[in-house]
*Asks:* 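The structure is given below, and queries will be raised subsequently.
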Amino acid sequence: MSKVKVQVTREVFDEVLDYLGEHFEVSSNQDDRPFTPTELAQVLADKQGALTVLTDRIDEALIAHCPQLKAVCNIAVGYNNFDLKTMSARGVLGTNTPGVLDAATADFTWALILATARRLTEAEAWLRAGEWKGWKLKQFLGMDVQGATLGIVGMGRIGQAVAKRARGFDMPVLYYNRTRLAPALERECHARPASLDELLSQSDIVTLHTPYSADSHHLIGAAQLAQMKKTAILIHAARGGVVDDAALITALSSGTIAAAGLDVFENEPKFNPEFLKLRNVVLAPHIASATTNTRRNMAMLAARNLVAALAGERPPNLLNPDALK
Ligand code: GLV
């Protein structure tokens, strides 16, 4: 009997291909050139399953072109690249990789917090440019992180991991979330619930950890930035589109807020070039979960989801149980 065919859309670790190869006939893309939407539809046309990344759009047009597709397993916790409604209607299972990237993403959020508050990348660029002529009392003065109020927007697993790390810095923590955490979890995170207005106006550091959806589109725009303290910093390692980048650029250049640390942008990788002109911003290329172990665990989890889904089992990280109906 011929094996079930699956496509891996981008380069993955060899062990992931080996594992998938035990179950499927695997087509891979180890030279890692992203497929265009048309190419993606073409390579998936005769496949039952796919291991995808966040830039692969699984939408109505693609699904219409791929009648055999049964499961698409994203190597990401975010899944705004999936049209889940259409996938469910066509019986295509979608999965993501929650949990395995919480620690790495929270650690990187702290890297952004510290780098932004202490102007690390700005100072390094200056040093590399040969500008360092001597020590000065007032050189690259930043803001204290210890004792600052941290406001966490989106208190899922990653937001909670960020909150737990704030204990070492003796920070009061406010959080804004659709649903309130259980009291025990609030205590564990040392975090107090707040409205978005309260959080924005009281926090010294605002960090975003909410998924992107129509509801969270431009959750932080000009009006919200204007509510923040002039001395505050904004940290964003969630998903491009949660922040109105043009409004953020205006706020950073006009002194509405002090600085920002950003790992995600609208329209990646062609982000707004005005960011490059700003001194008070730390920029990273969407790498918050990028440790070797974490990316390996994410890819293996996606592969396990694919194996389960195509074996007719309920995959562990199923996003659309409706598709099973
Ligand atoms: C990365 O951005 C992810 O969603 O896992």
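All residue numbers refer to positions in the sequence shown, counting from 1. Whatever order the structure lists them in is the order used to number ligands and atoms, beginning at 1.
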*Asks:* Verify, without hydrogens or angle tests, whether D244 (side chain) and A246 (backbone) share a donor-acceptor contact under 3.5 angstrom.
*Replies:* yes
*Asks:* Check whether any N or O atom of G78, backbone or side chain, sits under 3.5 Å from an N or O atom of ligand 1, and answer yes or no.
*Replies:* yes
*Asks:* Any nitrogen or oxygen of H286 lying under 3.5 Å from a nitrogen or oxygen in ligand 1? Just yes or no.
*Replies:* yes
*Asks:* Looking only at protein heavy atoms, which one is nearest to atom 5 (O) of ligand 1, and what is the separation?
*Replies:* V77 N, 2.8 Å
*Asks:* Counting distance only, does the side-chain N/O of D245 pair as donor-acceptor with the main-chain N or O of F265 below 3.5 Å?
*Replies:* no
*Asks:* Determine whether the side chain, the backbone, both or neither of L54 has a heavy atom under 4.0 Å from any heavy atom of ligand 1.
*Replies:* side chain
*Asks:* What atoms of ligand 1 come closer than 4.0 angstrom to any heavy atom of M298?
*Replies:* 5 (O)
*Asks:* Does the K3 side chain pair with the main chain of G21, one donor and one acceptor, at a distance under 3.5 Å?
*Replies:* yes
*Asks:* Can a side-chain donor-acceptor contact be found between T36 and T38 if the only test is distance below 3.5 angstrom?
*Replies:* no
*Asks:* Report the part of L101 (side chain from C-beta onward, or backbone N, CA, C, O) that has a heavy atom under 4.0 Å from ligand 1; answer both or neither where that applies.
*Replies:* side chain
*Asks:* Checking Y175 against Q160: is there a side-chain donor and acceptor pair closer than 3.5 Å?
*Replies:* no
